[in-house]
Number of protein chains: 2
Amino acid sequence: MTVWDRPEPPNPPVPLDRELIITAAIALADEGGLEAVSLRKVAARLNAGPMRLYGYISTKQELFDLMVDEVHGEILPEEQPGDWREALRVVAHRTRRAALRHEWLADLLGGRPTLGPNGLAVTEAKLAALDGLADIDTVMRAVETVSAYLIGVIRREIANLRAERATGLSKRDWQRASGPHMTRMLATGRFPALTKAVHDGTDVDPERSFTIGLDWVLDAVALKLSQPPA
Amino acid sequence: MTVWDRPEPPNPPVPLDRELIITAAIALADEGGLEAVSLRKVAARLNAGPMRLYGYISTKQELFDLMVDEVHGEILPEEQPGDWREALRVVAHRTRRAALRHEWLADLLGGRPTLGPNGLAVTEAKLAALDGLADIDTVMRAVETVSAYLIGVIRREIANLRAERATGLSKRDWQRASGPHMTRMLATGRFPALTKAVHDGTDVDPERSFTIGLDWVLDAVALKLSQPPA
DNA sequence: TCTCATAGCGATACACTGTATTTCGGCCTT
DNA sequence: AAGGCCGAAATACAGTGTATCGCTATGAGA
């Protein structure tokens with residue numbers, strides 16, 4: 001082999017850093033879902049070999065944690081309104097919208113404690129909104145309850161969205177039990193209440209149902225704020 | 001090769017069926033978490049080749065769905081108490097206990113619509129508990145809200161449990177921010193409300209916090225039952 | 001009873017995964 | 001100019017879900 005045959009380095013190795021890796025991983029996940037995120041593909045986007053990433057992250061799970069924290073950065077509102085209720089509402093809606101932008105977030109939400117800086121900042125914002133309005137334990141319980149509701153609704157909304165997409169049925173049809181499976185199930189007569197609900201229920205769009213449920217939970221919080229624990 | 005060399009079939013192929021497969025998969029998941037469930041390992045438990053499973057399930061995702069539905073069978077209470085509140089409470093606690101028995105359930109909860117027979121039966125039970133106490137839309141919203149809370153709290157409880165286990169810290173220590181990471185984060189001063197909460201908050205056991213949050217959500221439901229929508 | 005078809009099962013194959021280990025090439029120091 | 005070192009890349013490995021292929025044992029028909 002002469003000098004002339006020697007292939008020149010195809011790309012001068014780009015200096016890597018965590019932020020670049022996270023951005024690439026998020027882009028991949030936005031396009032093809034979480035399962036499209038492989039260390040090889042992330043590395044390829046950055047013109048690097050897979051092993052190179054291990055200088056910046058120590059495991060794939062850690063990469064996921066970093067992705068989640070990055071999105072928590074999008075969730076943090078720039079300024080907090082004074083009213084606690086409005087503050088919690090804003091964070092909730094921002095979380096939901098983030099999950100609609102990054103559907104994979106639903107897969108990760110609540111899966112691990114959120115200890116990243118942005119995740120903690122979001123928790124801080126929730127706590128701060130209620131700070132001083134009740135004893136600290138009540139405040140914590142309130143934040144935990146609202147957060148739990150959030151995780152649950154968002155997961156369900158995304159799950160339904162994917163199901164509709166996969167079956168090609170509109171939400172209306174699906175809720176109306178037009179799917180052959182549901183039709184068969186309901187026909188057994190074992191689920192009278194469900195049948196009635198599917199048949200007579202109004203179908204509301206997810207945002208509205210999200211908001212209603214959220215308001216209920218916030219009502220419950222309001223109730224406890226006005227009645228300190230026994 | 002003579003007849004004498006011919007190896008006899010090592011195990012007369014056990015007649016397989018979905019139930020056997022599901023049971024084996026659940027056993028594996030109970031022992032080693034979801035990621036310990038591979039089609040090869042499930043098949044091995046049943047003295048079968050991996051491909052054999054594809055006669056009964058068409059994809060791994062489907063196996064997961066079946067596992068979830070199986071556990072929903074454990075959740076269904078044998079008899080419904082008359083009081084709607086007690087009925088919902090029972091289902092909630094049974095769900096939580098099922099998730100503690102099968103921690104992997106937390107990873108799957110809310111991830112996909114629950115359309116299996118047992119899953120539908122659980123939904124039916126929730127709807128039935130509230131049937132007639134308000135218009136059908138209010139009832140649906142109530143069930144959805146409670147279910148969302150359930151998914152969220154359970155996920156969080158399991159996530160925390162795993163984190164404690166992994167770090168070797170007791171929940172007390174972790175909540176007290178004894179972890180080096182948390183200590184550093186709180187020391188930045190960027191999270192005053194969180195710091196106060198961690199510092200001054202009483203640590204309650206997860207079951208109690210679960211119950212309190214649940215009661216709040218049920219209070220919210222009670223409120224709406226007494227005030228039909230505008 | 002002998003032959004043939006068929007169905008079901010195992011083995012093989014493939015493309016890919018996360019990660020450990022090894023190898024190599026270029027730079028810096030002496 | 002030589003040697004050492006460090007970072008990146010290549011290789012390696014054990015495993016994954018699933019498609020395909022080939023055999024074998026059984027049942028049907030003649």
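Letters A, B, ... mirror the listed sequences (proteins, then strands); counts begin at 1. Because the structure is a prediction, the values reported are computed rather than measured.
Going from atom CD1 of A/Ile57 over to atom P of C/dA20 covers 12 Å, rounded to whole Å. We find that CD of A/Glu35 is positioned 16 Å from C1' of C/dG18, with the value rounded to whole Å. Between the P atom of D/dA9 and the CG atom of A/Leu39 lies a distance of 15 Å, rounded to the nearest Å. Atom CG of B/Leu53 is separated from atom P of C/dG10 by 10 Å (rounded to the nearest Å). In this structure, B/Met51 atom CE and D/dG17 atom P are separated by 9 Å, rounded to whole Å. If you take NZ of B/Lys60 and P of D/dG15, they are 14 Å apart, rounded to a whole angstrom. Separating the CD atom of B/Glu62 from the P atom of D/dG17 is a distance of 15 Å, rounded to the nearest angstrom. Distance A/Phe64 CZ to C/dG18 C1': 11 Å, rounded to the nearest Å.
Listed for the B/Lys41 side chain is no donor-acceptor partner under 3.5 Å among the backbone atoms of B/Ala25.
Projected onto DNA chain D by closest heavy-atom contact, A/Pro50 and A/Tyr56 fall at different nucleotides, the more 5' of which corresponds to A/Tyr56.
Looking at B/Glu157 and B/Arg162, no side-chain N of the basic residue comes within less than 4.0 Å of a carboxylate O on the acidic one, giving no salt bridge. Between A/Arg208 and A/Asp203 there is no salt bridge, since none of the side-chain N atoms of the basic residue sits less than 4.0 Å from a carboxylate O of the acidic one. Ion pairing of B/Glu31 with B/Arg45 is present here, as a side-chain N (NZ or NE/NH1/NH2) and a carboxylate O approach within less than 4.0 Å.
Judged by distance alone, with hydrogens and angles left aside, B/Arg52 brings no side-chain donor or acceptor close enough to the base of C/dG10 to form a pair under 3.5 Å.
Contact check, B/Tyr54 against D/dT18: a side-chain N or O comes under 4.0 Å of OP1 or OP2. Close to D/dG15, at under 4.0 Å from its OP1 or OP2, lies no side-chain N or O of B/Ser38. Under 4.0 angstrom from either OP1 or OP2 of D/dG17 there lies no side-chain N or O belonging to B/Thr59.
Contacts of A/Val37 with the nucleic acid, taken as non-hydrogen atoms under 4.0 Å apart, involve only primed sugar atoms and P, OP1 or OP2.
Under the ring-ring contact (aromatic ring centres under 6.0 Å, His included) criterion, no residue pair touches residues 143-167 of chain B, with sequence neighbours excluded.
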